[in-house]
Number of protein chains: 2
Amino acid sequence: MSHDDVYPASLQCGDCPIRHRAVCARCEANELDELESVKYYRSFEAGQTVVWSGDQMDFVASVVSGIATLTQTLEDGRTQMVGLLLPSDFVGRPGRERAAYNITATTDILMCCFRRKPFEEMMDRTPHIAQRLLQMTLDELDAAREWMLLLGRKTAREKIASLLSIVARRDASIRHRGGGNSLTFDLPLTREAMADYLGLTLETVSRQISALKRDGVIALEGKRHVTVPDMERLLLEAGDDSDGGLLT
Amino acid sequence: MSHDDVYPASLQCGDCPIRHRAVCARCEANELDELESVKYYRSFEAGQTVVWSGDQMDFVASVVSGIATLTQTLEDGRTQMVGLLLPSDFVGRPGRERAAYNITATTDILMCCFRRKPFEEMMDRTPHIAQRLLQMTLDELDAAREWMLLLGRKTAREKIASLLSIVARRDASIRHRGGGNSLTFDLPLTREAMADYLGLTLETVSRQISALKRDGVIALEGKRHVTVPDMERLLLEAGDDSDGGLLT
DNA sequence: ACCAGGATTTGACCCATATCAAGCAAGGCA
DNA sequence: TGCCTTGCTTGATATGGGTCAAATCCTGGT
C-alpha cells in the first residue's frame, strides 16, 4: 500500500545501471528478454520494511538503487544486521518460500523483482544465471566471514574504523577532495543501524566516532558527512591484516 | 610430508559415505566417472594445518570424514573461527588461486580432492555440480549469518548453549540414551577452539560450561563427553527465537 | 608407577563496553 | 514562533567478560 507503488517509467534491461553487476550480468540478449518478461519494479521509501522474517516471499530481486539492510533478531529485541544490500545485490533465495531475515530500506530504494517460480525454472535452464548467482553468493560468504572476524574479535574503535573504511571504499565513486589522498563520503546509516551492524550500542558508536574525530583520524561535517584525511591511517585503525586483501 | 600420505584403499565414489551430501550429490553415473578421474585423497592428522591463508591452492575438496576449522586472524594473533568443516562440506573456492583462510584439522580427517582447473572446467559443463555447490553455499551463508547474530548479540552463556545445541543436533546420529529426551555426544573441539568459534576467551568458555553444569543444564563425563538431560532447556538457554527454524 | 606437557579449571582483579539518564541540535508542522 | 520528534552526544555508573596467575587433571611415554 502507501507509496510502494511509485514505479519508474518501465526500464529496459539494456539501460539498467546494474546491468553488468547483478545476477543478470552474464546473460545474453535473448536471456535478458526472457528475464524481462517476468520482471517488475517495486520501490520503497527510507525506513519502510520490505519484508518481515517469516513472511511469504514469492519473488527474488536485485537492488537497483538505494540501500537496504538484512537483520536478525532475538526474542527480546536484540538485533544484529547480517547483510547490507547495495545496488546490484541479490535479495531472496531461490527455492525458499519464506524470508529468513527482515529487510528494511535505509534510503529510498528501487528493486527489480522476478516472480520466484519462473525465475527458478529459468535458473535450471540458464547456466549464466546460476553461475553468476554462485559467484555473488561466494562473495557474500567471504564478506560474512570477514564480518565475523570483526564481530568476534575487534574492539569498538576498530569496528568503527572498519565500517568507515568499507563505506569509503565502496563509495569508490572516489571523488577525491582537496589535495593528498583525502576522501569524503556520506554515512548511509544512522548511529543505531551502525550499532546493529557492528554488534555495539548506539552510545558506543557515537563515542567512538567522537574519539576518532578528536584524534584527527576523521573529520565530520554535520553528523553524516565524513572526511578521511589519511586513508592509510584509517586502515591502520581498522586493525586489518596489512598484507592486502585477496580481492581488488 | 609426514603422515599426509596415508591414503585409504582407493575408494569408489559409489561407496562414498558422503556421496549424497557433497558437491557431487546430484551427479549422474557418467559425471561421477569424470570426477573420479581428477580426484585423489589426502589425509591429515589432528592438529595439522591443511593450508595457510594466502597459500597457493590448486585443489578444491570435500571433507569425507573428520572435522576441520576455517580461521581468520588479525596481525596481533587474535583469531576467529569462521567455519566448521564437517563431513561432506566443501573446501576451497573455484576460481580462486590462493586460500583465504587457515584450514586446520581438528580430528584426523580424510579429504577427497579435485585438481582445481579440471574441476572448474567441469563445473562449466556440468550444471549438476554448480547447482549443488550453489545450494551448499547458500546454506553456508545462512549459517554464517546465524553465527553473526551469535557473535554480535549473544551473551557468553547463550553462546555456549548455542554451540552445544548445534553440536548436539548435528550429532543427530541421535543415539538416544536412557529414558526421556536426553542425549549425549562428544565435543569435537578443545576449549580454545570453542573460544575461537564463539569470540570468547578459553577461560570464559570453561567458566560458562562449569556454570551450565552447576545449573544442571548439562552433565559432563570427563572434559569432552556431554549429556543433555533436557534439550528444550538447552535451547531456551541458547536464546534463539523460539518460532522454530525454517530448516529441518 | 612416575614424569612431562598440554588441557582445563578456578580465582582475583581490571577494563571496555553496556546501561541509565540527561541534554542538545535540526527539521517539520501547527 | 514555538513545540515535538528524531537523531545524536555526553556523563555517571554498573557489569560481563578479559587478563594474569596458579592449581589440577589427563595422557602418553618410559
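Hydrogens, waters and symmetry mates are skipped; everything else that's a heavy atom, side chains included, is used. Chain letters run A, B, ... following the sequence lines, proteins first and then strands; every chain starts at 1.
- Side-chain atoms of A:Asn102 do not come within 3.5 Å of backbone N or O of A:Thr104 as any donor-acceptor pair.
- Protein chain A contacts DNA chain D from D:dC8 to D:dA12, reading 5' to 3' and using non-hydrogen atoms of the protein with a distance under 4.0 Å.
- Here B:Thr201 pairs with B:Thr204 under the side-chain hydrogen bond (donor to acceptor under 3.5 Å, both in side chains) rule; sequence neighbours left out.
- Formation of a donor-acceptor pair under 3.5 Å by the B:Arg21 side chain with backbone atoms of B:Ser88 is not found in this model.
- A:Asp186 places no side-chain N or O within 3.5 Å of a backbone atom of A:Pro188 that could act as its donor or acceptor partner.
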Tabulate atom names and distances for all N/O pairs under 3.5 angstrom spanning the protein and nucleotides 22-24 of chain C.
none

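- Qualifying side-chain contact (heavy atoms from CB on, under 4.5 Å) partners for A:Thr137, counting only residues two or more places apart in sequence or in other chains: A:Leu133, B:Leu134, B:Thr137, B:Leu138, B:Leu141.
- Residues satisfying the side-chain contact (heavy atoms from CB on, under 4.5 Å) criterion with B:Lys154, sequence neighbours excluded, are A:Leu74, B:Leu150, B:Glu158, B:Lys159, B:Ser162, B:Asp240.
- For residues 189-212 of chain B, every residue pair satisfying the ring pair (Phe, Tyr, Trp, His ring centres under 6.0 Å) rule, not counting sequence neighbours, is listed here: B:Trp147-B:Tyr197.
- Within the 3.5 Å criterion, the main-chain N or O of B:Leu86 finds a donor-acceptor partner in the side chain of B:Asp89.
- Judged by distance alone, with hydrogens and angles left aside, the side-chain atoms of A:Arg145 form no donor-acceptor pair with the main-chain N or O of A:Glu140 at under 3.5 Å.
- Checking side-chain atoms of A:Glu237 against main-chain N and O of A:Val217 turns up no donor-acceptor pair under 3.5 Å.
- Defining each end axis of the helix from C:dA1-D:dT30 to C:dA30-D:dT1 as the rotation carrying four pairs' C1' atoms onto the next four, with five pairs an end, the two axes are found to diverge by 30° to 10 degrees.
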Identify all side-chain donor-acceptor contacts of residues 209-216 of chain B below 3.5 Å with residues at least two apart in sequence or on another chain.
from     : atom 1 : to       : atom 2 : distance (Å)
B:Ser210 : OG     : B:Ser206 : O      : 3.0
B:Asp215 : OD2    : B:Arg157 : NH2    : 2.2

Under 3.5 Å, side-chain donor or acceptor atoms of residues 62-71 of chain B against the rest of the protein: list the pairs with distances, not counting sequence neighbours.
none

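- Put simply, CZ on B:Arg224 is 16 Å from P on C:dG6, counting in whole angstrom units.
- Using a 4.0 Å cutoff on non-hydrogen atoms, no part of residues 149-159 of chain B comes near DNA chain C.
- With hydrogens and angles disregarded, a donor-acceptor distance shorter than 3.5 Å links the side chain of A:Arg191 to the backbone of A:Lys223.
- A:Leu235 pairs by the side-chain contact (heavy atoms from CB on, under 4.5 Å) definition with A:Ser165, A:Arg169, A:Met231, not counting sequence neighbours.
- If you measure from atom CG of B:Leu189 to atom P of C:dA7, you get 13 Å, rounded to the nearest angstrom.
- Within residues 195-209 of chain B, the residues that have a heavy atom under 4.0 Å from DNA chain C are, in order of number, B:Glu203, B:Ser206, B:Arg207.
- Distance alone, capped at 3.5 Å, places no donor-acceptor pair between the A:Glu45 side chain and the A:Asp108 backbone.
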